Amino acid sequence: MTKKIFSFAIIIGLLCSFSIKAQSLDETLSRLSSTVGKAYVNPVISAFGSNLNSGWVSQFPGATKLGFHIDLKIVAMGSFFSKDVKNFTSSGTFNFNSDETDKLLQNSNYTPATIGQQNYNTLKQTIMNTPLDVSFNGPTIIGSKNDYLKVNFPGKTITSGQTQYTVNPYTLSVTDVKGFLDEIPALPTATAQLTVGTIMGTNVAVRYFPEVNIKDMGKFTFWGIGIVHNPAVWLVNPLPVDISIAYFYQKLKVGSIFETNASQVGVYASKTFGSTVSITPYFGLTTETSKTNVKYNYHFISTIGNTQVESTAQIAFESEGQNTGSAVVGFNLHLAAVNINADYKMAKTNTLSAGISFGF
């Protein structure tokens, strides 16, 4: 039952986005070399990290050396995408498969009828065995599902056998690679968080999301741990506002493709107004880091002798999230044993988070 409750929050955000795809993300990435693959997934790298580094703090430890506090919160985070990350341009090499090579050669009027069947076969094999320099443009992972990757071949003189052939510029549309998330405005994440305290002005928080299979993406899971400390516990006189220092660490996995590690250090100021029913506005300054390891299999066609062979190369790279510093503003509304909070993080990747918690 607990797993079903936790799963419901993320299914709304993620499953609705991913389950309607005609193919999996693995299949989409399988057509992309490392350079293009990195540009394609880049928008979600910062979003993963920013989501993990958001929504942790809404209630702050008191300046007490020994007390009892326990709080269970369901929190949702969403990192927003700007319009300029929906498309990308890049350059690199590309292996044309058999059908694509035929189109490339036909564009230059090279056919079995014009240069002879044997010469055509030899030239075709030469091209298929050669990674050609090209430029790329098209949708990123969050681009439109109606937009496809374009491979722009600038033209080249290719020597095949004892003959030189001038192959004209050609633009290929790779319909297998399109906007996977179809212009989704923000990347959602949700989790459960348990906070326990207070000892020497310190609360300990733990996050956990049980493993859930998201169609077309794979198994999604993450966990995190952090501490929040009120340094006023060491002071004789109380401060006019509550000051807290916090540190958090998180780890996320999405299928076999993404693995993100994120951490954050922050300083927060808050002030509570009211008692049984109260509101606590808060403000924070944070520094954060996130790194995502991306891994997938790249499939391409090569020709050995007269035989076409499907080859596979594992692509692996590490990307860092853009966020390094941020400012957070938010509030917590306390209604007896129920708390409702929302905050907004202003950074290179902006993130909105909201939660509801139950505790005493």
Side-chain angles (χ1 to χ4, degrees), residues 23 27-43 83-180 294 296-317 319:
Q23 64 180 24
E27 293 172 313
T28 299
L29 292 173
S30 68
R31 293 302 312 273
L32 304 178
S33 62
S34 59
T35 301
V36 188
K38 190 171 185 177
Y40 181 78
V41 303
N42 185 62
K83 292 182 179 180
D84 61 354
V85 298
K86 292 182 179 181
N87 297 88
F88 78 96
T89 58
S90 182
S91 60
T93 60
F94 186 79
N95 288 85
F96 286 82
N97 64 27
S98 179
D99 291 340
E100 293 163 351
T101 303
D102 286 333
K103 295 176 182 178
L104 180 70
L105 292 176
Q106 289 171 12
N107 183 63
S108 298
N109 198 33
Y110 293 132
T111 67
T114 59
I115 62 175
Q117 186 67 60
Q118 183 174 350
N119 289 335
Y120 182 85
N121 290 343
T122 301
L123 176 59
K124 180 176 178 178
Q125 289 178 19
T126 299
I127 292 174
M128 291 180 62
N129 287 333
T130 305
L132 297 176
D133 292 327
V134 298
S135 63
F136 303 91
N137 67 277
T140 63
I141 189 172
I142 67 163
S144 170
K145 67 178 181 180
N146 297 317
D147 193 10
Y148 305 111
L149 174 68
K150 304 294 192 303
V151 181
N152 306 297
F153 175 63
K156 183 178 181 180
T157 298
I158 297 175
T159 301
S160 176
Q162 302 298 318
T163 307
Q164 289 188 331
Y165 299 89
T166 300
V167 182
N168 294 334
Y170 180 72
T171 296
L172 169 72
S173 291
V174 183
T175 57
D176 291 338
V177 181
K178 53 187 176 181
F180 190 78
V294 182
Y296 61 91
N297 290 323
Y298 170 48
H299 300 293
F300 58 95
I301 301 296
S302 59
T303 302
I304 300 177
N306 295 319
T307 304
Q308 294 183 11
V309 178
E310 182 174 334
S311 301
T312 301
Q314 187 176 82
I315 303 296
F317 55 85
S319 292

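Everything quoted here is computed from the prediction, not taken from an experiment.
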Is [X] reaching over with its side chain to a backbone N or O of [Y], donor-acceptor style, under 3.5 angstrom?
{"X": "T312", "Y": "N297", "answer": "no"}
{"X": "S90", "Y": "V36", "answer": "no"}
{"X": "T140", "Y": "V85", "answer": "yes"}
{"X": "D176", "Y": "E27", "answer": "no"}
{"X": "Y110", "Y": "V167", "answer": "no"}
{"X": "Y170", "Y": "V151", "answer": "no"}

**OP:** Check the side chains of Q117 and N121 for a donor-acceptor pair under 3.5 angstrom, ignoring hydrogens and angles.
**Re:** yes
**OP:** Could you verify whether a donor N or O on one side chain and an acceptor N or O on the other, from S160 and K124, lie under 3.5 Å apart?
**Re:** no
Looking at every heavy atom in both [X] and [Y], which two are closest together, and how far apart are they?
{"X": "K145", "Y": "K178", "answer": "O-CD, 3.2 Å"}
{"X": "T93", "Y": "F136", "answer": "O-CZ, 3.7 Å"}
{"X": "D147", "Y": "P139", "answer": "O-CG, 3.2 Å"}
{"X": "V41", "Y": "I141", "answer": "CA-CG2, 4.1 Å"}
{"X": "V174", "Y": "Y148", "answer": "O-CB, 3.8 Å"}
{"X": "D133", "Y": "F153", "answer": "O-CD1, 4.0 Å"}

Subject >> Results of side chain to side chain contact (heavy atoms under 4.5 Å, CB included) for S173 - residues two or more places apart only >> reply: K150
Original post:
Where do T163 and N119 land on the side chain to side chain contact (heavy atoms under 4.5 Å, CB included) test, with the steps shown first?
Top reply: CA-CA 9 Å; T163 307; N119 289 335; 5.8 Å; no
Could you measure the distance from the [atom1] atom of [X] to the [atom2] atom of [Y]? Nearest 0.5 Å is fine.
{"X": "I315", "Y": "L29", "atom1": "CD1", "atom2": "CG", "value": "10.0 Å"}
{"X": "N137", "Y": "T171", "atom1": "CG", "atom2": "OG1", "value": "8.0 Å"}
{"X": "D99", "Y": "L104", "atom1": "CG", "atom2": "CG", "value": "12.5 Å"}
{"X": "L123", "Y": "L105", "atom1": "CG", "atom2": "CG", "value": "5.0 Å"}
{"X": "N109", "Y": "T166", "atom1": "CG", "atom2": "OG1", "value": "12.5 Å"}
{"X": "T35", "Y": "F317", "atom1": "OG1", "atom2": "CZ", "value": "9.5 Å"}

Subject >> Aromatic ring proximity, centroids under 6.0 angstrom, Y296 and Y298 >> reply: no
**OP:** Apply the test side chain to side chain contact (heavy atoms under 4.5 Å, CB included) to residues L132 and F96: give CA-CA distance (whole Å), side-chain angles for both, the deciding distance (0.1 Å), then the verdict.
**Re:** CA-CA 8 Å; L132 297 176; F96 286 82; 3.8 Å; yes
**OP:** Please list, chain by chain and in numerical order, all residues satisfying salt bridge (Lys or Arg N to Asp or Glu O under 4.0 Å) with K38, sequence neighbours excluded.
**Re:** none
Original post:
Quick one: does L172's side chain get under 4.5 Å of F94's, heavy atoms only?
Top reply: yes
Subject >> Side-chain heavy atoms of R31 within contact of N97, under 4.5 Å >> reply: yes
**OP:** Decide side chain to side chain contact (heavy atoms under 4.5 Å, CB included) for Y40 and F180; before the verdict, give the C-alpha distance in whole Å, the side-chain angles of both, and the deciding distance to 0.1 Å.
**Re:** CA-CA 10 Å; Y40 181 78; F180 190 78; 3.5 Å; yes
Original post:
Please walk me through it: do S98 and M128 pass side chain to side chain contact (heavy atoms under 4.5 Å, CB included)?
Top reply: CA-CA 7 Å; S98 179; M128 291 180 62; 4.1 Å; yes
